[in-house]
Each structure stands twice: as structure tokens, then as C-alpha cells.
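Presented below is the structure to which this report refers.
Quick note: numbers below take in every heavy atom, side chains included, and nothing from hydrogens, waters or symmetry partners. Each ligand, and each atom within it, is numbered from 1 in the order the structure gives. Keep in mind it's a predicted model, so treat the numbers as computed, not measured.
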Amino acid sequence: MITRIMQGDIKYITADAMVVTMFEGEKKPIGVISEVDEALNGAIAQIISNGEFKAKVNEISVIHSLGKLPVRIVAVVGLGKRQEFGIDKIRNSTAEVCRLLRKLNCHKITLSPLSEVIENIKLVDLYEAYTEGSLLGLYIFDKYKKPDHTNVDELLLVSENTARLEDLGKAIDKGQIVARATNLARDMVNEPANNMTPSHIADIAKEIAGEQNLKIKVLDVEEMKSLGMGALLGVAKGSVEPPKMVVLTYQGDSNSSETIGFVGKGVTFDSGGISLKPSAGMDEMKDDMAGAAAVLAAISGIAQLRPKVNVIAVVPTVENLPSGTAFRPSDILKSMSGKTIEIISTDAEGRLILADALCYAIKNGASPLIDLATLTGACRVALGNGYAGAFCNNKNFMENINNAANKTGEHLWQLPLPEEYKEHNKSLIADIKNVGDKLAGAISAALFLGEFVDKKPWAHLDIAGVAASKVDNGYIVKGATGYGVRTLIELALSLAKKEN
Ligand code: BES
Ligand code: ZN
Ligand code: ZN
């Protein structure tokens with residue numbers, strides 16, 4: 001699927017379908033759409049006046065042109081009330097209409113982008129959003145299944161305006177890079193755990209490094225032993241799959257000594273280990289490497305966009321299984337930082353591998369750092385499927401992350417890191433234990449990670465609730481969401497030195 005921009009009159013462009021949009025409450029089409037309506041003998045105005053179509057958010061009406069236009073179908077899409085408009089409405093409605101038109105056997109689609117100036121919304125962001133919406137909404141993971149759908153090959157954004165074609169073309173290119181990176185993360189997470197092993201993650205990282213010209217290092221067990229990564233190695237002991245620590249570096253600003261650290265939890269399957277999870281829903285635990293996938297996909301997108309900034313991505317990846325060699329509750333592990341950790345539950349494994357990864361990232365110059373992890377069921381209970389839990393020890397960095405997330409529409413909600421809750425993680429016999437209190441599980445997990453960041457500016461996104469979806473909803477499709485890829489890319493772009 002490719003998105004392109006074209007200057008011209010949409011009424012004369014041959015395609016399978018044409019998409020036009022309307023705001024709720026507006027009585028009749030305006031501008032180019034009124035001309036399309038005229039060609040259809042007033043069919044659009046009619047579905048509005050007879051109450052058939054109200055232009056509510058994501059509402060779609062399909063009109064057959066029956067030869068009046070060079071398209072089989074005109075799809076009229078609702079954007080909701082003009083006062084409530086935001087860029088995410090474009091991503092979501094484009095995704096919904098593209099999916100519907102795919103079902104209706106459309107391969108080539110033309111779309112008439114909003115051309116009026118909308119307060120606080122830049123035209124380039126709008127074009128990027130059309131591109132992202134289509135690519136993200138049409139995503140399907142059907143590698144292991146006979147395909148039961150046709151493909152949309154092309155979305156053509158047709159504008160009469162000749163000004164800024166170059167800028168808008170660039171916005172489309174960016175949208176394609178960002179959406180394809182998100183879909184790469186989705187592919188990785190949707191892949192079953194028998195294939196998406198730690199070694200396979202390392203191979204994908206090598207491929208990314210080769211394609212995007214990134215520096216790569218993959219630490220094996222021996223190197224991890226010599227670095228003292230006892231926490232990560234402890235988790236890995238139960239599986240025959242060898243653990244890996246993948247490190248990718250993007251250097252976009254060789255004059256700067258600052259490097260942003262991205263750290264992603266890469267548990268390729270989390271059975272819970274000896275503290276075995278209940279079997280119902282355990283299959284979902286192939287998603288437990290969604291943080292790793294997001295971080296790798298993001299750095300691949302960043303490398304293609306080439307901002308003036310340095311990024312290091314650190315991905316600790318292991319499989320958490322029970323066996324005769326597995327680590328067990330009551331074990332004490334010594335982490336790379338030197339801190340000892342008492343194991344209360346082998347199912348609280350994410351914070352263990354992240355402890356060593358954060359420490360490694362900092363030793364390799366990362367500051368500020370952000371980690372993404374499907375860390376706690378508690379975060380999913382607290383915030384549901386719509387918001388990631390965000391934790392941060394630095395106001396300024398949190399503001400940067402919030403701004404990036406607001407731009408991408410990936411919702412997050414900040415939760416506190418209260419000093420007094422640190423009590424929950426205290427152990428009688430080690431420096432810290434890996435499970436806190438019964439209450440506030442997402443917070444004690446975050447506070448645990450905070451013990452390994454050496455006072456560097458750091459943020460943690462608990463993505464347990466948002467990494468996968470059970471429903472198609474706008475540009476979110478069933479299965480992996482690719483959450484975080486777009487926000488990490490946007491964050492890197494916002495922290496980059498602007499070209500002069
Ligand atoms: N991978 C899970 C967290 C998770 C749960 C992710 C649900 C996505 C959906 C994590 O390793 C885990 O098992 N956490 C435990 C921690 C507990 C033992 C302190 C949890 O949340 O129950
Ligand atoms: Zn677990
Ligand atoms: Zn886990």
C-alpha cells in the first residue's frame with residue numbers, strides 16, 4: 001500500500017472509490033465536495049437532509065456512483081463536530097474507511113483532504129495523519145493464514161492546491177516511515193513465541209542495523225556473565241533459548257555528547273516461570289516483548305528520518321519458563337549495578353531484566369532514558385486498554401514525552417513515584433525484593449526500576465494495557481498495536497537540533 005499526493009480535480013480521477021469527509025451538523029457539502037455532490041445529482045445533500053447520514057465520528061455512508069463519476073463508490077465519512085476536531089479523527093476515520101473499502105473490493109482510492117484552515121492544525125500534520133491512518137488501519141497479520149481479503153494498493157490524496165506540494169509530499173513520506181515502523185513492531189509482537197525467540201529478535205535487530213546503517217552489538221550469555229548481569233541471567237535460566245542483549249546505536253549528531261536511551265522489555269514468552277501463571281489467557285504472554293519491538297522499530301524509523309540527535313536502544317530479551325534449571329522464589333540474584341535482589345515471584349521478571357538493561361544503557365552514556373515495558377497487570381487494571389501508565393523522575397523530560405504523545409494520539413497518564421512507597425520493595429535479606437505490596441503494583445514495579453537509573457532523568461511507560469487490542473477500532477487493529485513506536489520517534493524528533 002502506498003499513499004501519494006496529486007494535484008488535480010478529484011472528479012476526473014479514475015479509481016475504485018473516492019473518499020470525502022463532512023463535519024456533523026453542517027447542512028450541505030462545501031468546496032470540491034459540493035461539486036462531487038452535483039455530479040451525483042445531490043445524493044450527498046440528500047442523505048444529510050433525510051437524516052440517513054449525520055457525519056458522526058467514523059460514520060460512513062456508501063454511495064454508488066453508477067457511472068456519474070469515474071469511481072464505483074463515493075464513501076462519505078463523518079468527522080464529528082467541527083469544534084471537537086483533532087488530528088486523531090483523521091487517523092481513525094481514514095483507517096475505518098480504508099478497511100470498509102477493502103471489504104468492498106477497492107484497490108485504488110482517491111481522497112479529498114480537508115483544505116480549510118483548521119485552528120491549531122498544520123496542513124503537513126493532516127497529510128501525515130491520512131497516511132498513517134490508512135497504513136495502520138489496513139494492517140493485517142495473515143502470514144499463517146490463507147488471505148481472505150483483497151488489498152488496497154494505493155491511496156491518492158487529491159488536492160487542487162498547487163502550493164506546498166513538496167512539503168506535503170514530505171509529510172506523506174514521514175507518515176509512511178512512521179506507520180511502517182509501527183507495523184514492523186506489530187509484526188514482531190503478533191509473531192508466535194515459538195518463532196519470536198530472543199535469538200530471532202537479535203536477528204531482526206541485525207537486519208535493521210544493516211538496512212539503516214546503525215551500529216549493533218548483541219551480547220551473549222558469556223558477555224552478560226562477565227558484565228555481571230545476574231538479574232537478566234537469572235530469568236533466562238528456565239529456558240533452553242539463550243538470552244540476548246541487543247544494542248543499536250543511531251548517531252545523528254556527532255557534535256553532541258548526549259544520547260537518548262530507549263530500553264524495551266523483551267520477554268518473548270512469559271509463562272510466569274516457577275510462579276506459573278494460570279493457563280487461561282496465557283497465550284497473550286507472547287506480547288511480553290512489545291516494549292522491545294517498539295524500541296527497535298522506533299530506532300529504525302528514526303534512522304530513516306535522520307534527525308540531529310543520538311539514540312541508543314537497549315533490548316534485554318529472554319524467555320521466562322519453568323524447568324529444572326529455572327530460577328525460583330527465594331533466590332537472590334546479583335544485578336549488574338551490584339544491588340542484590342530477593343525473588344518473591346518469578347513472574348515479576350520484567351523488572352529484573354530491565355534492571356540490568358537500564359544499568360547497561362547508563363554505563364554506555366544514555367541520558368535521558370525511557371523504558372517501555374508490559375510490566376504489570378496492575379497497570380492494565382488501573383488504566384485499561386486506552387492509556388499507558390507513565391512514571392518519570394524529571395518534570396522537563398515528562399513534558400517532552402507528554403508533548404510527543406499528544407501529537408501521536410498515543411494516550412498516557414502519569415502516575416506518582418512516592419518516596420514512602422519505596423518501603424514496599426524492602427527486603428530483609430537483600431538490597432531489594434522483586435515484588436512490593438498487594439496494592440499499587442504498577443507503582444512498586446516503577447519504583448523498583450527507579451533504583452537502577454542512577455539519578456539520571458528517566459521515564460518508564462507501563463504498556464501492559466495498551467500493547468494489544470481485542471477489537472478493531474480506528475487505526476488500532478486486533479492484536480498488537482505497536483504502541484509507543486510513534487511517540488518514541490516523535491520524542492527523538494522533538495529533542496533533535498533543528499536543521500538550519
Ligand atoms: N508480563 C506481565 C505483566 C502483564 C500482565 C502484561 C498482563 C500484560 C498483561 C509481568 O511480567 C507480570 O507477570 N507481572 C506480575 C507482577 C506480580 C507478580 C508482582 C503481575 O502483574 O501480576
Ligand atoms: Zn511475569
Ligand atoms: Zn512479563
Side-chain angles (χ1 to χ4, degrees), residues 189-190 193 196 198 201 231-232 234-239 241 243 263-294 315-322 326-331 333 341-357 371-389 391 415 421 424-427 432-449 460-470 479-481 483-484:
V189 177
N190 284 329
M196 193 51 63
I201 290 188
L232 188 155
V235 179
K237 269 172 56 184
S239 172
E241 291 293 338
V263 178
K265 172 179 174 183
V267 176
T268 58
F269 189 74
D270 182 14
S271 68
I274 297 295
S275 313
L276 195 64
K277 286 182 182 293
S279 49
M282 202 201 270
D283 56 304
E284 288 172 27
M285 284 302 122
K286 72 169 182 177
D287 300 348
D288 215 19
M289 36 62 73
V315 168
T317 174
V318 298
E319 186 174 40
N320 188 21
L321 292 184
F327 79 135
R328 53 187 94 57
S330 86
D331 284 1
L333 304 178
I341 306 167
E342 181 189 4
I343 303 307
I344 303 299
S345 167
T346 62
D347 197 12
E349 83 299 338
R351 64 198 78 181
L352 299 172
I353 68 169
L354 289 168
D356 281 342
D371 76 73
L372 270 71
T374 44
L375 204 63
T376 66
C379 190
R380 181 155 77 164
V381 171
L383 296 173
N385 298 124
Y387 284 75
F391 300 83
L415 296 171
Y421 285 18
H424 300 176
N425 289 331
K426 291 236 162 100
S427 160
I432 194 166
K433 61 185 171 73
N434 80 331
V435 173
D437 202 70
K438 270 205 181 65
L439 305 174
I443 295 177
S444 39
L447 284 169
F448 180 98
L449 298 181
H460 155 61
L461 301 189
D462 192 330
I463 59 169
V466 294
S469 172
K470 292 214 178 320
T481 59
Y483 182 99

Task: Those atoms of ligand 1 less than 4.0 Å from some heavy atom in Lys265 - done: 1 (N), 10 (C), 11 (O)
Task: Full working for side chain to side chain contact (heavy atoms under 4.5 Å, CB included) between Val267 and Val318 - done: CA-CA 5 Å; Val267 176; Val318 298; 4.1 Å; yes
Task: Closest candidate by heavy atom, reference atom 16 (C) of ligand 1, pool Glu284, Lys277, Arg351 - done: Arg351
TODO: Examine Lys265 and say whether one of its N/O/S atoms is closer to the Zn ion (ligand 3) than 2.8 Å.
DONE: yes
Open item on the list: Between Lys470 and Glu284, does any NZ, NE, NH1 or NH2 come within less than 4.0 Å of an OD or OE carboxylate oxygen?
Closed with: yes
Task: Per-atom contacts of ligand 1 with Ser345, taking only distances under 4.0 Å to non-hydrogen atoms - done: 18 (C)
Task: Validation row: Leu354, Leu352 side chains within 4.5 angstrom (heavy atoms) - done: no
- [ ] Check whether any side-chain heavy atom of Phe269 lies under 4.5 Å from a side-chain heavy atom of Asp288, and answer yes or no.
- [x] no
Task: Considering only N, O or S atoms of Glu349, the one closest to the Zn ion (ligand 2) - done: OE1
- [ ] Between Asn434, Val381, Asp347, Val267, flag the one that comes closest to atom 15 (C) of ligand 1 by a heavy atom.
- [x] Asp347
Open item on the list: Using the Zn ion (ligand 2) as the vertex, how large is the angle between OD1 of Asp347 and OD2 of Asp270, rounded to 10 degrees?
Closed with: 100°
Task: Shortest protein heavy-atom distance from atom 21 (O) of ligand 1, along with the residue and atom involved - done: Gly377 N, 2.7 Å
TODO: Report yes if Ala378 has an N/O atom closer than 3.5 Å to an N/O atom of ligand 1; otherwise report no.
DONE: no
Open item on the list: Under 4.0 Å from atom 1 (N) of ligand 1, can you find at least one protein heavy atom?
Closed with: yes
- [ ] State whether Lys265 and Asp371 are salt-bridged, where the test is any N-O pair (Lys NZ or Arg NE/NH1/NH2 against Asp/Glu carboxylate O) under 4.0 Å.
- [x] no
Task: Heavy-atom proximity to atom 8 (C) of ligand 1, best of Met289, Met285, Arg380 - done: Met285
Open item on the list: Before you tell me yes or no, could you show the steps for Ser271 and Asn320 under side chain to side chain donor-acceptor pair (under 3.5 Å), namely the whole-Å CA-CA distance, both residues' side-chain angles and the distance that decides it to 0.1 Å?
Closed with: CA-CA 6 Å; Ser271 68; Asn320 188 21; 5.3 Å; no
Open item on the list: When you compare the side chain of Ile443 with that of Phe391, does any pair of heavy atoms fall below 4.5 Å?
Closed with: yes
Open item on the list: Need the ligand 1 atom indices (1-based, order shown) with element for anything under 4.0 Å from a heavy-atom of Glu349.
Closed with: 11 (O)
- [ ] Give the residue, atom name and distance (to 0.1 Å) of the protein heavy atom nearest atom 10 (C) of ligand 1.
- [x] Leu375 O, 3.2 Å
Open item on the list: So that I can check it, does any N, O or S atom in Asp288 come closer than 2.8 Å to the Zn ion (ligand 2)?
Closed with: no
- [ ] Give a yes-or-no answer on whether the side chains of Ser444 and Asn425 include a donor-acceptor pair shorter than 3.5 Å.
- [x] no
Open item on the list: When you compare the side chain of Ser345 with that of Pro329, does any pair of heavy atoms fall below 4.5 Å?
Closed with: no
